[in-house]
Structures are given as C-alpha cells and as structure tokens.
Amino acid sequence: MIDTEVSTITEMLKEFALGFGMDLLGAILILIVGWWFAGRAAALVRHSLKNVKFVDSTLKPLASSIVRYAILIFVLVAVLSNFGVETTSIIAVLGAAGLAIGLALQGTLSNIAAGVMILILRPLKIDEFVEAGSVSGTVVEITLFTTLLKTPDGVFISAPNSQIWNSAIKNYSRNPTRRLDIKVGISYDDDVDAALAFLTKLVASDPRVLKDPEPMSFVATLGESSVDLTARGWVATADFWPTFFDLTRKSKTELEAAGFSIPFPQRDLHIKETPETASVTKTAAKPAAKAPAKKPATRSRASTAKSTTKTAPKTTAAKSTPAAKS
C-alpha cells in the first residue's frame, strides 16, 4: 500500500517537473529570441529612417526606442502566457501596476510628457545650439526621459526633458540670419563722424555681411574715458562667430592705423576748492610746532666709567753693545 502511494507521488512529481521544466525552457527560449528580435528591429528601424528625408531627425531615435519596448512588452506577455497566466489577468495586473508606478514616478512621467511635447512642437532639433535655463549646447539626441547636449568645449550634458520644457528656450540655430554687433571705443578728441563712417565701411567690406539689411554704425554710449561706438550688420547663422572674431580684430588694428585712438579706462579727478577745504589746506600747510627737546638719557655707570687698563709703554730699541776688543 505504502509502496503504491510512493510510486504514485513519484510519478506525479515527475510529470510536474517535466511539464514545468518544458514551460520554463520554453519561456527562456521565448525571452532570448524576443530580446534579440527587439534589438534587431530597433536597429532596422533606425537604419531604415537614417536616409529618409521627410522624417525629422529628432523622431528617428525615438521611433526605434518605441519599437524595441513594444516588442519587449509582447515578449513578456508571451512568457507569462507560457506559464498558464490568463491574458485578462495580465492586463489587470499591468493596469494596477501602472497606476502604482505612475503615482510613485510622477517626476519621471513628467519627463516623458515633456519629451512628447518637445517632439510634437519641436522648439529644438538635433544639431541645433540651444539654451534652456542653466544648460546650453548642441542637441545630440532627444529620448523619452532626457535631452542629450554637447557644449562647445566638448562636455556632455544629459538634461531632464521637464527641465528643458519648463524653461525659456533660446534657439541660436533656428533662424537663417543673425545680427552682428561690433563694439569699440574711441577718444573724446577723435572725430566721431569720421569714425562712424570708417566702421560702417569696414563692416560692409566683409563679403560675409549681408547687404540687406544695410550695415550701420552709431554712438552707443558716452563712457567715462571713451565714446563707445557700435557697428551693426547681419550675417548667415553659420558665419556668425568667424565674422565676429575677424571684425573685432580689424576694428582695433585698422582704426589705430587710420589715426584713431582706442583709450584704456581712465578717470580725471578735479578738486573744487571751497572755504572749508581752503581752511583745511592752510592748516595742513603750516609747519608743525617743534616739540621740546628731550634731555639726553643719563649714561650708565658702566658706560661712563673710564677704562682702568693702561696701555703698555712703548719699548725702545736696545742699544747696540760695542764690539769686544780684540
């Protein structure tokens, strides 16, 4: 009797182990194949959209990510179904888990919402130089959670999408042209009109400066030590910085070559004499009263005492003795 029960339990355990082992092996196989297929599909989408011109470059990496995660979700459902879990139960569990995760990860989900809004309204695109809040740089990629930037000095920045979306975005690359201002100061003794005409001609002579709007120059401010002039022109956005650097250098060298002087910061101080300041000046000019002479300090006995040591008498040369008589 006992042997029969043991053999029955053993057979049941064998059947369960065999069935569970096959289910486990099938789930692992589905997971491996699904993971590989998701990666290949994402790479295929990215490669297919690489040379497509009507699809914006900002959407290409996002599309490949969406395809990959969608396939992984189906793979997870297939793995659970392989163990006999009902699909309706999976949906209910996913709904409850999604609600809990949504409450716990409000900040992360706000990044996803901000990323979707950035992709829809597109205030920035890949390869554009932007400034948003405290970060600035060239846009490298826009993901579901972060925006990747590269600064002019080669620093990598990963900014949350919510930070980018909730800040005022300055896009320096969106417009085809930009205004160029060259600021320089001249001496008060120089001819202002001649300097303005010279700067206007200098800016207009650069072939990168556009003819429309026409270049112009004007007096910006009257500084403490110089008359500050501004030469203004419009250039293509791609030529902004090279043109700015070249014209800034030429405005210094060619103005000085033309006889204009660029003064360094200085200040002239003029003192106005009033009755109060005059009296103070006269008082300061009088010689100071002589202080009473102090009596010399008494010398110590040791310093006034005469030296008791006498000098030794000089020795006289000894008289030579007469030579001995022979």
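Remember, predicted model here, so these are calculated numbers, not experimental data. Computed from heavy atoms alone, side chains included, the values below leave out hydrogens, waters and symmetry copies. Counting from 1, the numbers follow the sequence of the chain as shown.
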| request: Assess whether side chain to side chain contact (heavy atoms under 4.5 Å, CB included) is satisfied between L199 and L255, documenting all intermediate values. | output: CA-CA 8 Å; L199 283 176; L255 271 175; 4.0 Å; yes
| request: Sequence neighbours left out, what pairs pass ring-ring contact (aromatic ring centres under 6.0 Å, His included) with at least one residue falling in residues 170-189? | output: F129-Y172
Nearest 0.5 Å, what's the [atom1]-[atom2] distance between [X] and [Y]?
X	Y	atom1	atom2	answer
D193	F198	CG	CZ	15.0 Å
I262	S251	CD1	OG	6.5 Å
S205	K250	OG	NZ	6.0 Å
L149	S158	CG	OG	8.5 Å
N171	K125	CG	NZ	9.5 Å

| What pairs with L210 under side chain to side chain contact (heavy atoms under 4.5 Å, CB included), at least two apart in sequence or on another chain? |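 L210: side chain to side chain contact (heavy atoms under 4.5 Å, CB included) contacts with T177, W234.
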| query | Taking only residues two or more places apart in sequence, or in another chain, which ones meet I271 in a side chain to side chain contact (heavy atoms under 4.5 Å, CB included)? | reply |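 By the side chain to side chain contact (heavy atoms under 4.5 Å, CB included) rule, I271 matches no residue at all.
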Partners passing side chain to side chain donor-acceptor pair (under 3.5 Å) against [X] (at least two apart in sequence or in another chain):
X	result
S167	none
S225	none
R232	D181

Nearest heavy-atom neighbours spanning [X] and [Y]:
X	Y	value
I142	L124	CD1-CD1, 3.3 Å
S173	T237	CA-CG2, 4.1 Å
I186	A195	CD1-CB, 3.7 Å
G259	D190	O-OD1, 4.5 Å
G233	V209	CA-CG1, 4.2 Å

| field | side chain to side chain contact (heavy atoms under 4.5 Å, CB included) assessment of V130 paired with S136 | value | CA-CA 6 Å; V130 298; S136 61; over 6 Å; no
| Step-by-step side chain to side chain contact (heavy atoms under 4.5 Å, CB included) determination, T230 to I182 | CA-CA 6 Å; T230 299; I182 304 297; over 6 Å; no
| request: Evaluate the ring planes of F244 and F240, with Trp represented by its six-membered ring, and classify them as parallel (under 30°), tilted (30 to 60°) or perpendicular (over 60°). | output: parallel
Hydrophobic clusters here meaning ILVMFWY residues chained together by side-chain heavy-atom distances under 4.5 Å, can you tell me if [X] and [Y] are in one?
X	Y	result
F145	I120	yes
I118	I157	yes
V116	W165	yes

| Can you tell me if T146 and T143 form a side-chain donor-acceptor pair at under 3.5 Å? |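 Side-chain D/A pair, T146 to T143: present.
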| request: Could you verify whether a donor N or O on one side chain and an acceptor N or O on the other, from D127 and T138, lie under 3.5 Å apart? | output: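 Note: D127 and T138 side chains miss the donor-acceptor criterion.
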| said: Which Ile, Leu, Val, Met, Phe, Trp or Tyr residues join F264 in one cluster when any pair of side-chain heavy atoms under 4.5 Å counts as a link? | reply: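 Traced through the cluster, F264 reaches no other member.
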| query | Mind checking who shares a hydrophobic cluster with L148, ILVMFWY linked at side-chain heavy-atom distances under 4.5 Å? | reply | V140, F156
| Can you name the salt bridge (charged side-chain N to carboxylate O under 4.0 Å, His left out) partners of E214, sequence neighbours left out? |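 Partners of E214 by the salt bridge (charged side-chain N to carboxylate O under 4.0 Å, His left out) criterion come out as none, since no residue qualifies.
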| query | salt bridge (charged side-chain N to carboxylate O under 4.0 Å, His left out): which pairs involve residues 128-150, sequence neighbours left out? | reply |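 Checked against salt bridge (charged side-chain N to carboxylate O under 4.0 Å, His left out) - neighbours excluded - the pairs reaching residues 128-150 are E128-R174.
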| field | S162 backbone acceptor or donor facing N166 side chain under 3.5 Å | value |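 Yes, because the side chain of N166 sits within donor-acceptor range (under 3.5 Å) of the backbone of S162.
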| field | Check against side chain to side chain contact (heavy atoms under 4.5 Å, CB included), V184 and K252 | value | CA-CA 8 Å; V184 63; K252 197 269 182 188; 6.0 Å; no
| Salt-bridge contact D246-R208 (side-chain N to carboxylate O under 4.0 Å) |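 R208 and D246: salt-bridged.
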Name every donor-acceptor pair, under 3.5 Å, that has one atom in a side chain of residues 215-223 and the other anywhere in the protein, sequence neighbours excluded.
| unit_1 | atom_1 | unit_2 | atom_2 | d |
| --- | --- | --- | --- | --- |
| S217 | OG | T200 | N | 3.2 |
| S217 | OG | T200 | OG1 | 2.9 |
| T221 | OG1 | D228 | OD2 | 2.8 |

Show me the side-chain donor-acceptor pairs of residues 27-45 shorter than 3.5 Å, one per line, residues at least two apart or across chains.
none

| query | Does any non-hydrogen side-chain atom of I164 lie less than 4.5 Å from one of I169? | reply | yes
